[in-house]
Amino acid sequence: MILENKTAIITGATRGIGRAIAIRFAKEGCNVAFCGRSRNAAMEAVEQELNDIYSALSAENPALNIKAKGYAVDVADMEQAQAFVKEVLADFGHVDILVNNAGITDDAAVKRMTEEQMDRVMHTNLGSVFCMTKAIQPAMWKQGHGSIINIGSVVGVAGNYNQANYAASKAAIVGFSKSCAKEFAARNIRVNVVAPGFVQTEMTADIPKELMDTWCSRIPMKRPGTTDEVAQACVFLASDMCPYITSVLLPVCGGMEDA
Ligand code: NDP
């Protein structure tokens, strides 16, 4: 198991891509601290799912001591992000990996987009990455290692109709990540971006079938990606298999153009 003895924080893991990352990490022997904005049935279900994976792993190897815990946090709020990291450090002792996955959309054409829509998406998508990175940085700096993975999007490179706010937030994540990669490299903290293409989750559930078919026809692999395919890229970047990879934008998009 390539993440054994490691602890990860994964934001926005009550469903979708975050949940898939949490499951993959758990299967690789990683302790998982994850969050959503509230403690609800979805959070409890993911917690149960992860602890079931650990029970199965521990049955094979009783020496393993791994756990998962869900936290209710708005990671775009600096005070909550700081308190979250403090609590995870108290619960788990150390954090080796941070996956900034939480994100939202609020689509509209620019001519109809309100300032509120622009601010909300920037605040959640970029603000959460800033708050969580700032919160975890002192602990990673002190321990002299860490892997931070920020979930961007191919839309942040290529742009998209009705998603100028979302595309801007995801493009900004790239600039932020590359700056952090430079600032943190001296302490062996790697910062990379995983940029999914089109992945079927609740976020994309409302897209009409005809539009989805048109998009898929433009993807060289002719299908959407799965949440697990994104999770596998995150396992690689989180692991010790790539100690010299930092400041990278890794598209997981079936070869979509412009990515
Ligand atoms: P979902 O909407 O399915 O899940 C989003 C998750 O983020 C939920 O767990 C939600 O939990 C959580 N979340 C949202 N805001 C906050 C917040 N402020 N604080 C804490 N948690 C929060 O999204 P996806 O799984 O589809 O997307 C995950 C990431 O991948 C996003 O960053 C998205 O932009 C990116 N992405 C997705 C693509 C796709 O095609 N699906 C393509 C490219 C990128 P809760 O509601 O309980 O708070």
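No hydrogens, no waters, no symmetry mates; every other heavy atom, side chains included, goes into these values. As the structure is a prediction and not an experimental result, all values here were calculated from the model. Counting convention: from 1, in listed order, for ligands and their atoms alike.
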Enquirer: Going by the order shown, which atoms of ligand 1 are within less than 4.0 Å of some heavy atom of Asn101?
Expert: 28 (C), 29 (C), 30 (O), 31 (C), 32 (O)
Enquirer: Could you pull out the closest heavy-atom pair between Ser169 and Asn125, with the gap in Å?
Expert: OG-ND2, 3.2 Å
Enquirer: Return the closest protein heavy atom for atom 25 (O) of ligand 1 as residue, atom name and distance.
Expert: Ile17 N, 2.8 Å
Enquirer: Number the atoms of ligand 1 from 1 as they appear, then name those within less than 4.0 Å of a heavy atom of Asp74, with their elements.
Expert: 17 (C), 18 (N), 19 (N)
Enquirer: Do Glu44 and Arg39 meet the salt-bridge criterion of a basic N to acidic O distance under 4.0 Å?
Expert: yes
Enquirer: Do any N/O atoms on Thr201 end up under 3.5 angstrom from N/O atoms on ligand 1?
Expert: yes
Enquirer: Specify the protein heavy atom at minimum distance from atom 5 (C) of ligand 1: its residue, its atom name, and the distance to 0.1 Å.
Expert: Gly103 O, 3.9 Å
Enquirer: With a 4.0 Å heavy-atom cut-off (strictly under), which part of Arg19 contacts ligand 1: side chain, backbone, both or neither?
Expert: neither
Enquirer: Applying salt bridge (charged side-chain N to carboxylate O under 4.0 Å, His left out), which residue pairs with at least one partner in residues 226-238 are found, sequence neighbours left out?
Expert: Arg24-Asp228, Arg223-Glu229
Enquirer: Can you check whether Val199 has an N/O within less than 3.5 Å of an N/O in ligand 1?
Expert: yes
Enquirer: Could you see which bit of Thr14 sits under 4.0 Å from ligand 1, with heavy atoms only: side chain, backbone, both or neither?
Expert: both
Enquirer: May I ask you to decide whether Asp91 forms a salt bridge with Lys67, counting only side-chain N to carboxylate O separations under 4.0 Å?
Expert: no
Enquirer: Between His123, Glu202, Arg15, which one has a non-hydrogen atom sitting closest to atom 1 (P) of ligand 1?
Expert: Arg15
Enquirer: For ligand 1, which part of Ala13 has a heavy atom less than 4.0 Å away: the side chain, the backbone, both, or neither?
Expert: backbone
Enquirer: For atom 46 (O) of ligand 1, which candidate among Arg39, Met203, Arg37 holds the nearest heavy atom?
Expert: Arg37
Enquirer: Residues two or more places apart in sequence or in another chain: which of them pass side chain to side chain donor-acceptor pair (under 3.5 Å) with Arg19?
Expert: Glu49
Enquirer: Should the pair Asp106-Arg120 be classified as a salt bridge under the 4.0 Å nitrogen-to-oxygen rule?
Expert: yes
Enquirer: So, taking the atom named CG in Asp107 and the one named OH in Tyr161, what distance separates them when rounded to the nearest 0.5 Å?
Expert: 14.5 Å
Enquirer: Below 30° counts as parallel, above 60° as perpendicular, anything between as tilted: where do the rings of Phe130 and Phe176 land?
Expert: perpendicular
Enquirer: From the options Thr11, Asp77, Val73, select the one whose nearest heavy atom is closest to atom 20 (C) of ligand 1.
Expert: Val73
Enquirer: To the nearest 0.5 Å, what is the distance between CE (Met132) and CG (Leu98)?
Expert: 5.0 Å
Enquirer: Mind checking whether Gly16 has an N or O less than 3.5 Å away from an N or O of ligand 1?
Expert: no
Enquirer: Which residue supplies the protein heavy atom nearest to atom 42 (C) of ligand 1, what is that atom called, and how far is it?
Expert: Gly197 O, 2.9 Å
Enquirer: Provide, to 0.1 Å, the distance between atom 36 (N) of ligand 1 and the closest protein heavy atom, together with that atom's residue and name.
Expert: Tyr166 OH, 3.4 Å
Enquirer: Can you tell me which residue and heavy atom of the protein come closest to atom 6 (C) of ligand 1, and the distance to 0.1 Å?
Expert: Gly12 O, 3.4 Å
